Number of protein chains: 2
Amino acid sequence: MARRSDHSREQIQQMALDAARDIVARDGYTGLSARKVAKTIGYTVGTLYLVFANLDELVMRANAQTLDALYETMLATKARCKNARACIMALGRAYIRFASENTHLWGMIYEHPLPDRDAIPDWYRERVARNLALVEDTLQPLAKNTSAQELAVAARALWGGVHGICILALTNKLDVVGAASVPALVESLIDNYLKGLTANRQR
Amino acid sequence: MARRSDHSREQIQQMALDAARDIVARDGYTGLSARKVAKTIGYTVGTLYLVFANLDELVMRANAQTLDALYETMLATKARCKNARACIMALGRAYIRFASENTHLWGMIYEHPLPDRDAIPDWYRERVARNLALVEDTLQPLAKNTSAQELAVAARALWGGVHGICILALTNKLDVVGAASVPALVESLIDNYLKGLTANRQR
DNA sequence: ATGACTATTGAACAACGTTCAATATTATGC
DNA sequence: GCATAATATTGAACGTTGTTCAATAGTCAT
C-alpha cells in the first residue's frame, strides 16, 4: 500500500491530471478510465474518489488545463503579429494548429458533456470567457464604431465559426477531401467575415 | 420468446432504429444502451447483434436518418425563399431550428465518434455530401465568377461556421449569455461572410 | 411425425463508474 | 515507548455497459 502522506491531496490531484492527460493524448477520451488513471499514478480507484468527486470533475479539470494551454498559445500568437486583421488570422491559424497537435486533448473538451448552464463551475466558465475575451480584444481595433454588444456578437460568431470548421474537419464530418485544407477554410471564413464587418462600418 | 419470423430482419432493424430514436430524444446519447433498445422492441440483446454488427452501426444508421430529416427540412426551406442571399440565411435559421428542436438526436451525430476517414461507409458519407451540396447549390448564384473550387471552399467555410456556433451554444460552451441569441450570431456570420464574398467578386 | 434448419434467448465475460467497510499507517497523549 | 485516536488507502462489491455464443424454441420440408 502507498504510505500515508506520501503525497498531499493536491499532489495526487496533479498526478492524476497528468496521468489523464497522457492517457487521453494516447488513447483518446474513450480510452480514459478511473482504473487506468489510478494504476498509472500507483494508487487505487478509491483514492481517486477521495480527491475528486467523480470522473466528471477530473475530466473538467483536465479540460481546464487544456484551455489554459490554448490560452497561452493564443496569447503568444497575439504578441507577435502586426495589425488587427493579421492578428485575428494568426489566432485562427494558432487555433487550428493547437487542435491538430493536441487532437485528443482538445477533442475531449467537446466530447465530454457539460452539465446545465447554471451548473458549470465558475473556474471553468472563467477559462472559456478568457479565451473569448482574447478574441474580442483582438477584434476591437477593427470595430471602432460598433457597440460593445456588436463586438461581442462578432467575436462569438467568428470564433464559433472557426471552431466549427475545425471540429467538423478533424472528426471527418466536413467531407474536406478534394475541397481544400482546413487552414484554407478558416482563412476564407475570417477574410470574408472581416471584409463584411469593416464594410459595414463604412456605410 | 418472440416467435420466429414475426418480423423480418429489416423490420427489426427499423424497430430498433425507431426505439433508439425515442430513447435518445428523451435521454440523450448517454442514455442509449443495447439492452434498452432490445427491451423496447420486445427482443433481447442477442437479436440486436444478429441484425446490427454492433451498437456503433445502430448509432450510425440512426444518425443517417437524422441527417435525412435535416436534409428534408433544408430542402423544404430552400423551396420557399426568394433570392440566394435570403435562401442561405433561411437555411442557416432552419439549421438552428432543427438543432434546437431535436437537440439530442442532432447532438448524437457529433457526440458519437466516427471511425477513420477511409472507414466511413459510403451510405453515411453520401448523407453528409448531400447536405453540403444543398448549401453549395444555394450559394452558387452569389458566386458566379468564382471557380468550383472556391465555391466548395465557401460552402464548407460557411456551413462549418454555422455549425460551430450552434454546437458551442447548444452545449453551453460559447458563453452566449448576455451577448446575443444564437440566431443573431448565425445571422451575423452569414451576413458578413456573404458581404465579403460578393465584394470579392466585384474587385 | 420426424428431422433439419434457424431465429431467439439469456447466461457469461470483461470492463466501466462508484461506494464503503475494513485495514494499514501515522500522529497524539501519557 | 506504548496505547489509542485519527485518517489515508485499499479492494471487494454493486449495478451497469457492449459483446459473444452454446443452448433452446419455433418453423419448415419431407
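Chain A is the first sequence line, chain B the second, and so forth, proteins listed ahead of strands; every chain is numbered from 1. As the structure is a prediction and not an experimental result, all values here were calculated from the model.
Out of D:dA8, C:dA7, D:dT10, the shortest distance to the side chain of B:Leu50 is found at C:dA7. For A:Arg35, whose side chain is taken as the heavy atoms from C-beta onward, the closest listed nucleotide among C:dC16, D:dG11, D:dT17 is C:dC16. Which of C:dG17, D:dT17, C:dG10 sits closest to the side chain of A:Tyr49 comes down to C:dG17. Counting only heavy atoms from C-beta on, A:Ser33 has its side chain closest to C:dG17 among D:dT17, D:dA8, C:dG17. Out of D:dT9, C:dT18, D:dT19, the shortest distance to the side chain of A:Leu55 is found at C:dT18.
Atom P of nucleotide D:dA8 and atom CD of A:Gln13 are separated by 14 Å, given to the nearest angstrom. Look at CG on A:Leu48: it is 13 Å from C1' on D:dT10, rounded to the nearest Å. In this structure, A:Arg9 places its CZ atom 9 Å from P of D:dT9, rounding to the nearest Å. B:Glu57 places its CD atom 11 Å from the P atom of D:dT19, with the value rounded to the nearest Å. In this structure, A:Glu10 atom CD and D:dA8 atom P are separated by 12 Å, rounded to whole Å. Put simply, CZ on B:Phe52 is 14 Å from P on D:dG18, counting in whole angstrom units. Atom CE in B:Met60 sits about 17 Å away from atom P in D:dG18, given to the nearest Å. As rounded to whole Å, 18 Å separates atom C1' of D:dT7 from atom NE2 of A:His7.
Below 30°, between 30° and 60°, or above 60°: for B:His112 and B:Tyr29 the angle between ring planes is above 60°, a perpendicular geometry.
Take the nearest nucleotide of DNA chain C for A:Lys36 and for A:Gly46: the residue whose nucleotide is more 5' is A:Lys36.
Remark: the backbone N or O of A:Ser8 is paired with a side-chain donor or acceptor of A:Gln11 at under 3.5 angstrom. A donor-acceptor pair under 3.5 Å links the side-chain atoms of A:Asn83 to the main chain of A:Arg85, judged by distance alone.
Residues B:Glu187 and B:Arg93 are in side-chain contact: their nearest non-hydrogen atoms beyond the backbone lie under 4.5 Å apart. A heavy-atom distance below 4.5 Å is found between the side chains of B:Met60 and B:Trp123.
In this structure, B:Tyr43 reaches the C:dT8 phosphate: one of its side-chain N or O atoms is under 4.0 Å from OP1 or OP2.
Across all strands shown, A:Thr47 has heavy atoms under 4.0 Å from base atoms, whether or not it also approaches the sugar-phosphate. Contacts of B:Ile12 with the nucleic acid, taken as non-hydrogen atoms under 4.0 Å apart, involve only primed sugar atoms and P, OP1 or OP2.
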